Amino acid sequence: MNMHELSSDGPLVVMASSRAVLTLPDDSLLLTPATISISPVTGKIVSIAPTLLPRSAFPSSVTYTDYSPRVLLPGLVDAHVHLNEPGRTEWEGFHTGTKAAASGGVTTVVDMPLNAIPPTTTLEGFRVKLAASVGQCWVDVGFYGGVIPGNADQLLPLVEAGVRGFKGFLIESGVDEFPAVSSTDIALAMTTLKDSPTTLMFHAEMIPPITDSVGDAVQVSDPPLAPRGNLDTYSTFLDSRPPAFETYAVEEIISLADLAPDLHLHIVHLSALECIPILRSARARGINITAETCFHYLALASDHIEDGDTRHKCCPPIRSLSNQDRLWEELVAEDSCIRTVVSDHSPCTPELKLLPLHLQTNSDHDSGYTTPTEEERPSLIRHSDSGVDVTLSKGQALVAKRTPSHGQQINGAGDFFAAWGGISSVGLGLPILHTAAAERREHGDERVPSLVDIVRLCAQETARQVGLSHRKGGLRVGMDGDVCVFDDADAWTLRSGGMRWKNKVSPWEGRAFRGRVHETWVRGSKVFELGGPNGGFVAGKPVGEAIVERRTV
């Protein structure tokens with residue numbers, strides 16, 4: 001009766017449902033009834049029956065649960081997360097960031113190489129980051145290395161040490177430790193890595209030579225020399241980073257691709273529809289290049305961003321509804337150039353977001369979430385009559401002025417150019433994508449991903465992107481027992497109390513969602529259960545591991 005079976009001595013966890021998304025031998029995905037047996041000793045899936053077996057089919061010693069009608073999905077792989085530890089742990093850290101991931105069915109995250117101090121641009125920097133992660137991770141964590149000017153000699157040692165890929169910026173990153181690369185640096189990185197099983201990724205924004213000077217810092221950008229509008233108006237910020245920034249960068253990368261024809265090239269957080277035909281043309285010519293987009297580009301639009309709501313500031317920027325429509329079309333297109341969807345969780349402290357007074361609030365906790373721990377409490381948005389001195393990466397001091405009756409109002413509040421750029425959403429991607437797809441379908445658009453497609457975009461292909469498809473991103477015998485139990489009919493609203501990341505600031509606050517993760521299992525251990533004890537983190541302590549195996553594909 002089993003599709004596949006491995007021998008297992010010892011205890012078994014059996015998860016059954018009338019609906020599960022399984023990975024078949026040819027790597028296709030199938031929504032079907034299934035009964036999945038996992039060894040909590042080895043952490044592996046040992047058998048799968050493509051039918052709903054009853055409790056009576058198993059010995060009494062087996063831990064058996066029928067989750068019907070909830071759907072069993074492979075644990076998601078978020079291949080773009082900024083955890084920031086060590087160095088900027090007040091922004092985010094391994095403990096809180098991976099907790100947030102676990103609460104949303106994400107069982108593997110891959111940490112970006114910048115925003116930590118030191119960044120992961122040297123072998124020693126990687127060792128420091130690994131040491132900081134020990135004992136803190138609630139899900140498994142992989143790591144990217146960075147490409148910056150002058151570190152080409154560190155790239156191959158980082159490959160050997162087990163990084164999943166590399167990232168470079170074609171525009172200033174906003175932090176001094178991670179400068180942008182030139183075409184010469186890109187060429188050197190390509191030739192150095194051309195025979196390695198890895199992925200070379202780029203933040204693809206680049207200022208065209210004929211463009212007005214608009215400030216080239218990605219995360220904290222100065223106003224243009226001649227701004228064409230108010231700095232607290234989103235359209236002013238959007239106009240300062242036009243699609244040409246992205247197309248110019250993509251074309252620059254493609255122009256160098258012949259230096260490493262077998263090397264996988266990847267564009268992170270694609271936002272501009274104008275890049276799609278360029279990438280499609282390159283792929284048609286045999287260039288090994290793909291792209292990802294983000295949950296916020298698919299479900300937030302510039303048309304709806306209010307003045308001063310700097311929670312929406314990110315780079316590349318959130319663009320128009322018409323631009324968004326084209327991204328959705330590409331997700332389900334044949335041989336799409338957009339292969340994955342990720343969070344780009346890039347948090348900071350609330351003060352660095354320069355929020356207007358009316359957004360400096362802590363919402364009531366939603367059901368399924370308990371009072372924050374002492375560790376998490378200091379990161380909530382604080383109100384005080386005392387001044388706050390916040391130092392940005394460029395040394396700009398922001399001083400809060402007293403507002404006796406309403407707490408504190410920060411000078412420069414609502415300034416899209418001075419605010420830190422990044423959207424917090426790790427662990428929220430599944431309900432975001434599922435809800436947005438359902439809403440588009442209800443409005444007559446059938447060109448949207450199904451639940452099976454979402455698994456492909458957010459689990460199977462993200463695992464493949466980082467060389468982990470042999471163990472992550474699928475429900476198949478021999479793979480890690482990473483399972484997400486998803487109730488696709490659960491309607492709920494996100495409040496700040498329901499955000500498990502460290503700083504409770506996100507444009508998703510107050511949004512209504514359809515579909516919610518009820519349990520998350522990592523290698524056969526239940527890590528999260530909605531409404532369970534310990535704020536839902538029923539494992540009691542982190543069970544995640546650092547993934548440092550050397551890539552082979």
Side-chain angles (χ1 to χ4, degrees), residues 3-4 6 13-40 42-50 65 67 70-79 81 98 101-110 138-142 164 339-343 426-427 429-431 433-434 449-488 515-528 543-545 547:
M3 289 172 60
H4 306 277
L6 296 178
V13 170
V14 177
M15 307 178 71
S17 178
S18 56
R19 296 185 300 159
V21 178
L22 304 182
T23 304
L24 302 182
D26 64 355
D27 280 344
S28 62
L29 299 171
L30 178 67
L31 180 65
T32 177
T35 305
I36 303 166
S37 299
I38 304 171
S39 167
T42 65
K44 299 292 183 180
I45 298 173
V46 296
S47 69
I48 297 179
T65 306
Y67 290 96
R70 293 170 181 163
V71 61
L72 302 180
L73 306 177
L76 274 59
V77 178
D78 192 337
V81 176
T98 58
S103 72
V106 177
T107 53
T108 306
V109 300
V110 188
W138 292 83
V139 302
D140 291 345
V141 180
R164 314 317 305 168
R339 310 299 290 185
T340 55
V341 183
V342 297
S343 70
V426 66
L430 182 54
L433 203 52
H434 180 261
S450 65
L451 196 54
V452 170
D453 290 324
I454 291 173
V455 169
R456 171 178 54 83
L457 292 162
C458 301
Q460 184 181 56
E461 288 298 325
T462 43
R464 192 187 315 278
Q465 177 181 312
V466 296
L468 291 173
S469 59
H470 61 292
R471 57 177 288 201
K472 299 291 187 183
L475 297 179
R476 181 163 57 189
V477 169
M479 299 183 74
D480 286 359
D482 296 349
V483 184
C484 164
V485 180
F486 185 58
D487 186 341
D488 57 346
R516 195 171 198 184
V517 172
H518 279 244
E519 291 185 17
T520 303
W521 293 67
V522 176
R523 287 176 284 102
S525 295
K526 186 194 294 186
V527 173
F528 174 78
V543 302
E545 299 176 349
I547 299 173

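From a predicted model like this one, the values you see are computed outputs, not experimental measurements. Only heavy atoms go into these numbers, but all of them, side chains included; no hydrogens, no water, no symmetry mates.
- Shortest non-hydrogen contact noted between G105 and V517 is N-CG1, 3.6 Å.
- Under the side-chain contact (heavy atoms from CB on, under 4.5 Å) criterion, L31 pairs with R19, V21, V71, V452, not counting sequence neighbours.
- With hydrogens and angles ignored, the 3.5 Å screen pairs a side-chain donor or acceptor of D140 with a backbone N or O of E545.
- When all heavy atoms of T35 and A16 are compared, the pair lying nearest together is OG1-CB, 3.9 Å.
- The two atoms that bring P431 and G515 nearest to each other are CB-O, 3.2 Å, heavy atoms only.
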Would you sort out whether V141 and V81 count as a side-chain contact (heavy atoms from CB on, under 4.5 Å), showing the intermediate values?
-> CA-CA 10 Å; V141 180; V81 176; over 6 Å; no

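- Under the salt bridge (Lys or Arg N to Asp or Glu O under 4.0 Å) criterion, R70 pairs with D487, not counting sequence neighbours.
- One finds the OG1 atom of T108 at 5.0 Å from the CD1 atom of I547 (value rounded to the nearest 0.5 Å).
- With hydrogens and angles ignored, the 3.5 Å screen pairs no side-chain donor or acceptor of R456 with any backbone N or O of P449.
- Between M15 atom CE and I48 atom CD1 the span is 11.5 Å, to the nearest 0.5 Å.
- Distance alone, capped at 3.5 Å, places no donor-acceptor pair between the S17 side chain and the A20 backbone.
- The residue from Q460, R464, E461 that alone fulfils the side chain to side chain contact (heavy atoms under 4.5 Å, CB included) condition with S469 is R464.
- Checking side-chain atoms of R476 against main-chain N and O of L24 turns up a donor-acceptor pair under 3.5 Å.
- Looking only at distances, no side-chain donor or acceptor of T520 sits under 3.5 Å from a matching main-chain atom of F528.
- The CG atom of L457 sits 9.0 Å away from the CZ atom of R339 when rounded to the nearest 0.5 Å.
- Side-chain atoms of R164 come within 3.5 Å of backbone atoms of V466 as a donor-acceptor pair (strictly under, hydrogens ignored).
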Before giving the answer on side-chain contact (heavy atoms from CB on, under 4.5 Å), spell out for L29 and T23 the whole-Å C-alpha distance, their side-chain angles and the decisive distance to 0.1 Å.
-> CA-CA 5 Å; L29 299 171; T23 304; 3.5 Å; yes

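- Of the inter-residue distances, the one linking L475 atom CG with I45 atom CD1 reads 5.0 Å to the nearest 0.5 angstrom.
- Between the side chain of D482 and the backbone N or O of V522 there is no donor-acceptor pair closer than 3.5 Å.
- Here the straight-line distance linking atom CG of L73 with atom CG of L451 works out to 5.0 Å at 0.5 Å rounding.
- Nearest heavy-atom pair, P74 versus G473, reported as atom, atom and distance to 0.1 Å: CB-C, 3.7 Å.
- Atoms NE2 and OH, from H518 and Y67 in turn, are 12.0 Å apart once rounded to the nearest 0.5 Å.
- Looking at every heavy atom in both residues, A102 comes nearest to V527 through CB-CG1, 3.9 Å.
- In terms of the salt bridge (Lys or Arg N to Asp or Glu O under 4.0 Å) criterion, D78 has no residue partners (sequence neighbours excluded).
- Each of H470, R523, K44 was scored for a side chain to side chain donor-acceptor pair (under 3.5 Å) with D480, with one residue passing: K44.
- Ring pair F486/H434: centre-to-centre distance below 6.0 Å.
- What you find for T32 and P50 is that their closest heavy atoms are OG1-O, 4.0 Å.
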